[in-house]
Peer 1: 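This is the structure, below, for whatever I ask next.
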Amino acid sequence: MSEMLPMSSAPAEPVPGPLGLYVHVPFCATTCDFCAFYQTRPTAEGIARYLEGIAAEMRLFPPDRPVTTVFWGGGTPGLLAPSALRRLGELVRAYVGDQLVEWTVEMAPASVTRARLEALRDVGVTRISMGAQSFSPELLAALGRQHTREQVLRAYDRVRAAEFPSVNLDLMFALPGQTEAEWMSDLDQAVALAPDHLSTYCLTFEEDTKLWVKLSEGRVKLDPENEDRLYERTWEHLTAAGYPQYEVANFARPGHPCLHNLNTWHMHEWIGLGPAAASQYAGLRAANTADLNQWFENVGQGRRVTEDRVELTPELLAQDALIFGLRLTAGVNPVALARRFPSAQWDRARGVLADLEAEGWAEKSGPLFRLTTAGRLLADAVGEAILTAMDPG
Amino acid sequence: MDVSLTRNFCIIAHVDHGKTTLSDRLLEYTSTVSERMLTDQHLDAMDLERERGITIKSHPVTMVYRAKDGHDYCLNLMDTPGHVDFSYEVSRSLAACEGALLLIDAAQGVEAQTVANAHLAFAQDLKVIPVINKIDLPSADLELCTKQLEDILMIPAEEAILASGKSGIGIEDILEAVVKQIPPPRWHNYPRTRALIFDSIYDPYRGAIAYARVFSGQLKVGDNMLFMGAGQKTEIKEVGIFTPKMAKKAVLSAGDVGYIVSTIKDPADINTGDTLTLTREPAADMLPGYKEVRPMVFCGLYPLESSDYEKLKSALGRLRLNDAAFVYQSESSLALGFGFRCGFLGLLHMEIIQERIRREHDVEIISTYPSVIYQVFKHGQEMIEVDNPVNLPEPGSITEIREPTIKAAIHIPNTSMGDIMSLVMEKRGTIEQTDTLDATRVMLTCVLPLNEILIDFNDRLKSITRGYGSMDYELGEYQPGNLVKMDIMINGEPVDAFSSIVHRDKAPGKGRDLCEKLAEIIPPQMFKVAIQAAVDGNIIARDNVRVMRKDVTAKCYGGDITRKRKLLDKQKEGKKKMKQIGRVSIPPDAFIQVLKN
């Protein structure tokens, strides 16, 4: 582990890393049972305010360097009318500069139309991420999703026809009532469509969701052992199908991992715009007010009001770079991280990493230190162990 | 009053045979207490006693009865504790009497405690008057009761009085028998003042109050008196009798039963069984039968919430004030934090104290495994007594460990004989005698190591006999045993709360059980953790804490990072509340879960 010791003369983060832009589009037609993100019903007035607000916030908060990746999430960005998509796209283009390499937009299958895709293509979007979740009609209905299997297939065809360079499908597993066979069938159907990227999410029960209410009322049950097995089978299956895993929940054909997200996990910077959007920029991690009207009022009056503010010290960034970096299949480069954040508690981190390696949860590969497959199933426990060691206070 | 018109007696019985109801009827009949004043069970003051139908503390009462011979007799009724844990207290109450009513439930017949109590009464040379109670029950079997009286207790059947406390049958017969058959106070001609202390209580204003039976001479306010056993001198501030409330009197004379307030504040300074005399003319000899009461069963008591430590401490202090037989001192445990090592007379005593801490003092507690006092002999040294396995010397230095035994009388249906004999064998006991009680019941007389009955003996006896079995015991001799200390180690570190002294042959089985239970209860860990049972440094059983298989959540994008951090921070804080044994984090209630079982 001696290679992990920081070089005493190494400069701390000499060049700013890549900069991302996250735009939160807070509109949804309905709320899915599992969703805890901030969203609101789309109205003509609300959308107009939103676009005006984004323009105002952009003026308030200009980037200090060109943005390389953009991600529109939500909500359902794809719910905006083509004209609104174009307007938002133009604002973004003017904001980011000329170094953009990836621009992702999340879409719900039900709202994928040719006109919308054309608008997105025209403004320069490079990547569509579609929340399919499942191909099973019963499970889709059980999740409260507003689309059918046919809509997923038709939407996918339209996205492909529009020739975006990269397409992702989101899938969910361990759904109430879902058998292992059903999940493997969902995976197979997704693979058969040959997307460039797949994200698979084990259903989580978050407070303030309809699903949480169902769980607390005993209408759905957790089955942790089944979850273990589904995780393992998913990872094996997708890797074998030509989608190597690169993060706990993410798989991509070579050349197609989501750069925006990778930059996040490497603890680089991003600016978040729109209500509830989180930023990690200029020494501060914080989220915008999670209310469209309040946010609009604030930015209209020239104020950016944020909550959950965390000062980004090198120590905290080093911890997070380890915690989130170890969720990546490639792992982390402790030497490089120690050079980037020399003041962090590397001696303590070294102990935990050695323990993880001794227990078979992690391994070294050249300069990289990564979790084994079994270890990746314990990524949260690993994160907690790292946090406990590096920040015992 | 003429000493020849005084009678001192008590009622002895098995639990639930109707002692308290009968006492109430006697008080009513003699107009000592009006019917309206009688709560259902007058003499049992504590809620817990009432609930369990047993008497823990003795409450004497003085009645006046005009007998058929025309004289007014002064009858002092001593209400004795109903359980063998308090057998010394029982014996002191008996020693303050000349006679006893032996109560037998007409439907139940003679039971284990009936026999034990009758033997205690015979040992004090008391005149025993058998009373068959509840004769108006449809299930009453008088023939069986009289036969058992003769066969088991060797009491002539014709002496038995038929009664029902509930419907007031036979009350006058009983009072007449007390007057006629029980002798007047003994030893009243002894030339010096002597009184027997049979109990004491604490009064916040008057300090320790001694309950005493005067055998000879007089005690009055202003006298300087001497506790002969303790060697302590004090001045009498007040004397009186129980009517049943405390009623001041100028003097207590030979034959009287009453209370004494002195300058002594702490009841721990007054020993039950001690003899009182006057300092100016002290008696030469003490009354017989005095011994210091010693706790026999020990365990650690810990607050469930460590913030309740002070509350527990004050609860123990207050309980101790009225119960000199209960002792405690502070101790700390790796697994359970700060608590107290407590000593009790026996299992019931332990249970009652624990229940009173929970109920009357509102402190949630957890207790460690109970232990007995072992006599440990070391090379060339004097014997030491060990009541906590943690204090056992190095095994190499020990030449012999002796353990206390009990002599148990076990009453069971004869269909359970085989199973109960196996149970006794399993508990390392020997059966010395088998007596037939009637066509369906037998009595086994057994010797058992005390520590073997501490945990589940009584429960198993009850379950094997479907509730029909009963047991009574008295302490027996110490006997050498092949005893070893067994430690439970988690990740190589001994967890003190689980150390125990066990028979060598039983260690592997008990060790396996404990390891298994802990492995089941400790939540899965990220690092391999061994749970081992060790004797003399050798591992005799082992298990592993379950290895965590999955602890991962997806969705860690930009906006989720703060949330994820918060969650990890929260988990980290949660772990701080856990017991850390090496890298193992054990929720505080895991140990409690194991101990509870």
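A, B, ... follow the sequence lines: proteins, then strands. Residue 1 opens every chain.
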Peer 1: Does any N or O in the side chain of W265(A) come within less than 3.5 Å of the main-chain N or O of C556(B), such that one atom is a donor and the other an acceptor?
Peer 2: yes
Peer 1: Is it the case that the side chain of W361(A) and the backbone of F527(B) share a donor-acceptor pair, with hydrogens and angles ignored and the cut-off at 3.5 Å?
Peer 2: no
Peer 1: List, one per line, each side-chain donor-acceptor pair under 3.5 Å for residues 270-277 of chain A, sequence neighbours excluded.
Peer 2:
| from | atom 1 | to | atom 2 | distance (Å) |
| --- | --- | --- | --- | --- |
| W270(A) | NE1 | A278(A) | O | 2.8 |

Peer 1: Let me know if R327(A) has heavy atoms under 4.5 Å from chain B in its side chain, its backbone, both or neither.
Peer 2: side chain
Peer 1: Counting only non-hydrogen atoms closer than 4.5 Å, does D569(B) touch chain A with its backbone (N, CA, C, O), its side chain (CB onward), both, or neither?
Peer 2: both
Peer 1: Whether D308(A) and K566(B) form a salt bridge (side-chain N of Lys/Arg under 4.0 Å from carboxylate O of Asp/Glu) is what I want to check.
Peer 2: yes
Peer 1: For Y231(A), is it the side chain, the backbone, both or neither that has a heavy atom under 4.5 Å from a heavy atom of chain B?
Peer 2: side chain
Peer 1: At what distance, to the nearest 0.5 angstrom, does NZ of K572(B) lie from CG of L387(A)?
Peer 2: 4.5 Å
Peer 1: Pick one of side chain, backbone, both or neither for E227(A), based on which atoms fall under 4.5 Å of a heavy atom in chain B.
Peer 2: both
Peer 1: Does the side chain of R565(B) reach to within under 4.5 Å of the side chain of D320(A), using non-hydrogen atoms?
Peer 2: yes
Peer 1: Which heavy atom of R549(B) sits nearest to which heavy atom of L377(A), and what is that distance?
Peer 2: O-CB, 3.5 Å
Peer 1: Go through the atoms of I561(B) and report whether side chain, backbone, both or neither lie under 4.5 Å from a heavy atom of chain A.
Peer 2: both
Peer 1: Please classify the contact between D355(A) and chain B as side chain, backbone, both or neither, with a heavy-atom cut-off of under 4.5 Å.
Peer 2: both
Peer 1: Check each atom of L356(A) against the heavy atoms of chain B and say whether the ones under 4.5 Å are side chain, backbone, both or neither.
Peer 2: both
Peer 1: How far does OH of Y557(B) sit from OG of S199(A), to the nearest 0.5 angstrom?
Peer 2: 4.5 Å
Peer 1: Examine whether an atom of Y22(A) lies under 4.5 Å from a heavy atom of chain B, and if so say whether it belongs to the side chain, the backbone or both; otherwise answer neither.
Peer 2: neither
Peer 1: To the closest 0.5 Å, what do you measure between CE (M548(B)) and CD (E359(A))?
Peer 2: 11.5 Å
Peer 1: Counting only heavy atoms closer than 4.5 Å, note whether D228(A) contacts chain B via side chain, backbone, both or neither.
Peer 2: both
Peer 1: Closer than 3.5 angstrom, by distance alone: can the side chain of D380(A) be matched with the main-chain N or O of T553(B) as a donor-acceptor pair?
Peer 2: yes
Peer 1: Under 4.5 Å from any heavy atom of chain B, what part of A381(A) do you find: side chain, backbone, both or neither?
Peer 2: both
Peer 1: Looking at side-chain heavy atoms only, is the closest gap between R285(A) and T562(B) below 4.5 Å?
Peer 2: yes
